[in-house]
Visitor: 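Sharing a structure, written as structure tokens. Questions coming.
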Amino acid sequence: MGKLEFVDAHVHFYDMQHPELVYGHWQPCVPHPTLGEQIQRLAERNYLAEDYIAETRNANVTKAIHVQAAIGSPDPVTETEWLQAAADRTGFPHAIVAHADLRDPGVEAVLERHCQSPIMRGIRDFSYGDYLVAPDFHRGFALMEKYNLVSSIAVGWQDMGKLRDLANAFPNITIVADHTGLPQERTDAYFADWKGGMELAATCDNIRWKISGLGMSDQTWTVDSIRRWVLASIETFGVDRCIFGTNWPVDWLWSTYDNQIDAYTEIVSGFSPDEQVALFSRNAEELYRI
């Protein structure tokens with residue numbers, strides 16, 4: 001059997017020379033809070049849709065979802081417009097998860113402008129403080145339902161109970177938990193805590209689990225070192241609520257694209273063909289309406 005079609009649920013494109021876009025996580029002399037200075041290697045080149053298409057040509061990538069990268073830009077809609085132009089030019093990306101400050105009283109106007117782009121599908125807001133329980137965040141978050149947008153939230157195991165409560169308070173909004181719940185260690189004790197947090201989130205039917213970003217906390221990863229994290233994710237959330245992403249090109253710092261896809265392929269090789277298709281493409285296509 002040939003390679004499965006792959007819908008990449010987490011990619012980033014960027015143009016360091018763009019006059020209006022700022023990429024705060026990889027600006028020179030601004031170390032990343034967890035990855036340090038190594039992430040600035042990303043700023044040594046641009047990474048456009050054309051670059052992604054060329055790099056993934058052997059991996060049978062059919063579609064991709066872009067998750068906001070221009071952190072710190074004066075107007076987040078500028079990135080959406082830039083990505084829509086890339087999609088019109090190249091066919092990639094197929095969906096956009098954009099940025100908006102959901103705690104901003106004027107956020108609805110920003111969402112309206114985002115949604116002028118045909119491939120706009122969701123919002124990621126890192127926000128600040130204890131935002132998952134903040135009333136002003138909830139006010140903005142409620143707008144996700146009005147605009148039929150998917151919420152993308154990065155939460156560690158310690159806050160999965162708060163994510164569960166948010167999901168229960170807004171049952172008509174689909175939430176994607178990014179980057180496999182952000183595991184920071186690879187010890188047995190940490191795994192137990194992480195799995196317990198994940199199990200809390202999995203009690204909510206409107207939470208989806210994105211398996212991605214595992215290189216960020218395991219920079220010498222192997223198929224065997226990530227296997228139990230991937231399989232526990234699928235066991236806990238079920239095949240139909242998990243999607244795969246690569247976090248490209250951030251995870252390029254520790255891998256090749258083909259190696260990451262091959263690792264996912266090997267780990268789920270024991271699943272039925274239909275289950276593999278669901279994990280690799282169908283779930284993401286349905287979730288992002290692509």
Visitor: Hey, are the side chains of E108 and Y147 touching, using non-hydrogen atoms and a 4.5 Å cut-off?
Guide: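 Side chain of E108 against side chain of Y147, heavy atoms only: contact under 4.5 Å found.
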Visitor: Taking R113 for its side chain and V110 for its backbone only, find out whether a donor-acceptor pair lies under 3.5 Å.
Guide: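 No; zero donor-acceptor contacts below 3.5 Å.
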Visitor: Return the CD to CD distance between E79 and Q68, rounded to the nearest 0.5 Å.
Guide: 6.5 Å
Visitor: What pairs with D218 under salt bridge (Lys or Arg N to Asp or Glu O under 4.0 Å), at least two apart in sequence or on another chain?
Guide: R186
Visitor: Is the H12 ring parallel, tilted or perpendicular to the H10 ring (thresholds 30°, 60°)?
Guide: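 Because their plane-to-plane angle is over 60°, the rings of H12 and H10 count as perpendicular.
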Visitor: Distance check, rounded to the nearest 0.5 Å: F126 atom CZ versus D101 atom CG?
Guide: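 F126 CZ to D101 CG: 13.0 Å, rounded to 0.5 Å.
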Visitor: For the CD1 atom of I119 and the CD1 atom of I290, what is their distance to the nearest 0.5 Å?
Guide: 9.5 Å
Visitor: Taking D51 first and then R45, would you say they form a salt bridge - that is, a charged N and a carboxylate O separated by under 4.0 Å?
Guide: no
Visitor: Looking at residues at least two apart in the chain, or sitting in another chain, which of them share a side chain to side chain donor-acceptor pair (under 3.5 Å) with D15?
Guide: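 Checked D15 against side chain to side chain donor-acceptor pair (under 3.5 Å); matches are N46.
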Visitor: side-chain contact (heavy atoms from CB on, under 4.5 Å), that's the test. Do E44 and R41 meet it? Break it down for me.
Guide: CA-CA 5 Å; E44 295 172 1; R41 290 174 57 199; 4.1 Å; yes
Visitor: For the hydrophobic clusters of this structure (ILVMFWY residues joined by side-chain heavy atoms under 4.5 Å, transitively), does one cluster hold both M198 and V230?
Guide: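 Shared cluster, yes.
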Visitor: For the residue pair A167 and N206, what are the closest heavy atoms and their distance?
Guide: O-ND2, 3.1 Å
Visitor: Is the side chain of H138 donor-acceptor paired with the backbone N or O of L132 at a distance under 3.5 Å, no angle test?
Guide: yes
Visitor: Is there a donor-acceptor pair closer than 3.5 Å between any side-chain N or O of Y264 and the backbone N or O of G245?
Guide: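 Present.
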Visitor: Would you check if the side chain of S281 reaches a backbone N or O of F6 as a donor-acceptor pair within less than 3.5 Å?
Guide: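 Here the side-chain-to-backbone pair does not exist.
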Visitor: Do F271 and V239 have side-chain heavy atoms sitting under 4.5 Å apart?
Guide: yes
Visitor: Relative to the ring of Y47, is the ring of F13 parallel (under 30°), tilted (30 to 60°) or perpendicular (over 60°)?
Guide: tilted
Visitor: For a quick test of reading the model, state the closest non-hydrogen atom pair linking A9 to V67 and the distance between them.
Guide: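 Where A9 meets V67 most closely, the heavy atoms are O-CG2, 4.0 Å.
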Visitor: Between the side chains of E266 and R227, is the shortest nitrogen-to-carboxylate-oxygen separation below 4.0 Å, so that they form an ion pair?
Guide: yes
Visitor: Do V150 and F137 land in one hydrophobic cluster if side-chain heavy atoms of ILVMFWY residues count as linked below 4.5 Å?
Guide: no
Visitor: Treat each ILVMFWY residue as a node, draw an edge where side-chain heavy atoms are under 4.5 Å apart, and state whether I65 and L4 are in one component.
Guide: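 No; tracing contacts between hydrophobic side chains, which count when under 4.5 Å, never links both residues.
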Visitor: Between W194 and E185, is there a side-chain heavy-atom distance shorter than 4.5 Å?
Guide: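 Of all side-chain heavy-atom pairs linking W194 with E185, none is under 4.5 Å.
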Visitor: Starting at CG of D274, measure out to CZ of R282 and round the result to the nearest 0.5 Å.
Guide: 4.5 Å
Visitor: Spell out, as yes or no, whether a donor-acceptor pair under 3.5 Å connects the side chain of Q184 to the backbone of L182.
Guide: yes
Visitor: Does R228 reach the side chain of F191, with side-chain heavy atoms less than 4.5 Å apart?
Guide: yes
Visitor: Is R124 reaching over with its side chain to a backbone N or O of A154, donor-acceptor style, under 3.5 angstrom?
Guide: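 Not a single qualifying donor-acceptor pair exists.
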Visitor: For D8, run the side chain to side chain donor-acceptor pair (under 3.5 Å) check against T62, T246, T56 and tell me which one passes.
Guide: T246
Visitor: Compare all side-chain heavy atoms of V268 with those of E275 and state whether any distance is below 4.5 angstrom.
Guide: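 Not touching, per the 4.5 Å side-chain cut-off.
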Visitor: So, W248 versus E55: side-chain donor-acceptor pair below 3.5 Å or not?
Guide: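 There is such a pair (donor and acceptor under 3.5 Å, judged by atom type) between the side chains of W248 and E55.
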Visitor: Of all heavy-atom pairs between H18 and L21, which one has the smallest distance, and what is that distance?
Guide: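 Heavy atoms of H18 and L21 come nearest at ND1-N, 3.3 Å.
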Visitor: Is the shortest side-chain heavy-atom distance between W254 and M216 below 4.5 Å?
Guide: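 Of all side-chain heavy-atom pairs linking M216 with W254, at least one is under 4.5 Å.
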Visitor: Do S152 and D178 have side-chain N/O donor and acceptor atoms under 3.5 Å apart?
Guide: yes
Visitor: Take I261 and F280, measure what side-chain contact (heavy atoms from CB on, under 4.5 Å) needs, and give me the verdict at the end.
Guide: CA-CA 10 Å; I261 304 308; F280 266 67; 4.1 Å; yes
Visitor: Just by distance, do the side chain of D193 and the backbone of Y190 share a donor-acceptor pair under 3.5 Å?
Guide: no
Visitor: Which atom names give the shortest non-hydrogen contact between N283 and C242, and what distance separates them?
Guide: ND2-O, 2.9 Å
Visitor: On a heavy-atom basis, which atom in F92 and which in A64 lie closest, and how many Å separate them?
Guide: CD2-CB, 3.9 Å
Visitor: Under 3.5 Å, side chain of E145 to main-chain N/O of I173, donor-acceptor pair present?
Guide: no
Visitor: If you take all heavy atoms of F237 and I207, which pair is closest and at what distance?
Guide: CE2-O, 3.6 Å
Visitor: Give a yes or no on whether the backbone of V22 and the side-chain of S73 come within a donor-acceptor separation of less than 3.5 Å.
Guide: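 Judged by distance alone, yes, a pair lies under 3.5 Å.
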Visitor: Do R208 and T174 touch side chain to side chain, with heavy atoms closer than 4.5 Å?
Guide: yes
Visitor: What's the spacing between K210 NZ and F244 CZ if we round to 0.5 Å?
Guide: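 The NZ atom of K210 sits 13.0 Å away from the CZ atom of F244.
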Visitor: Check whether V11 and I123 end up in the same hydrophobic cluster, where Ile, Leu, Val, Met, Phe, Trp and Tyr are linked by side-chain heavy atoms less than 4.5 Å apart.
Guide: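 The answer is yes; both residues are in one hydrophobic cluster.
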Visitor: Holding to side chain to side chain donor-acceptor pair (under 3.5 Å), I want the full list of residues that pass it with Y131, two or more places apart in sequence or in another chain.
Guide: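 Side chain to side chain donor-acceptor pair (under 3.5 Å) list for Y131, sorted by chain: empty.
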Visitor: Tell me if a side-chain donor or acceptor on D251 pairs with a main-chain N or O of G215 at a distance below 3.5 Å.
Guide: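 Checking the backbone N and O of G215 against the side chain of D251, a donor-acceptor pair under 3.5 Å is found.
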Visitor: Should the pair R103-D125 be classified as a salt bridge under the 4.0 Å nitrogen-to-oxygen rule?
Guide: no
Visitor: Evaluate the side-chain contact (heavy atoms from CB on, under 4.5 Å) criterion for residues M120 and L149: first the C-alpha distance (whole Å), next the side-chain angles of each, then the deciding distance (0.1 Å), finally the verdict.
Guide: CA-CA 8 Å; M120 173 68 181; L149 296 172; 4.2 Å; yes
Visitor: Do I71 and V176 sit in the same hydrophobic cluster, where Ile, Leu, Val, Met, Phe, Trp and Tyr count as joined when their side-chain heavy atoms come under 4.5 Å apart?
Guide: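 No, because I71 and V176 fall into different hydrophobic clusters, even though each may have its own neighbours under 4.5 Å.
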Visitor: Evaluate side-chain contact (heavy atoms from CB on, under 4.5 Å) for E50 paired with R89, printing each intermediate quantity in order.
Guide: CA-CA 9 Å; E50 289 87 347; R89 184 178 71 246; 2.7 Å; yes
Visitor: Enter the distance from S255:OG to D262:CG here, rounded to the nearest 0.5 Å.
Guide: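 Rounded to the nearest 0.5 Å, the OG-CG separation comes out at 9.0 Å.
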Visitor: Decide yes or no for H179 and N247: does some side-chain heavy atom of the first lie under 4.5 Å from some side-chain heavy atom of the second?
Guide: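 They are in side-chain contact.
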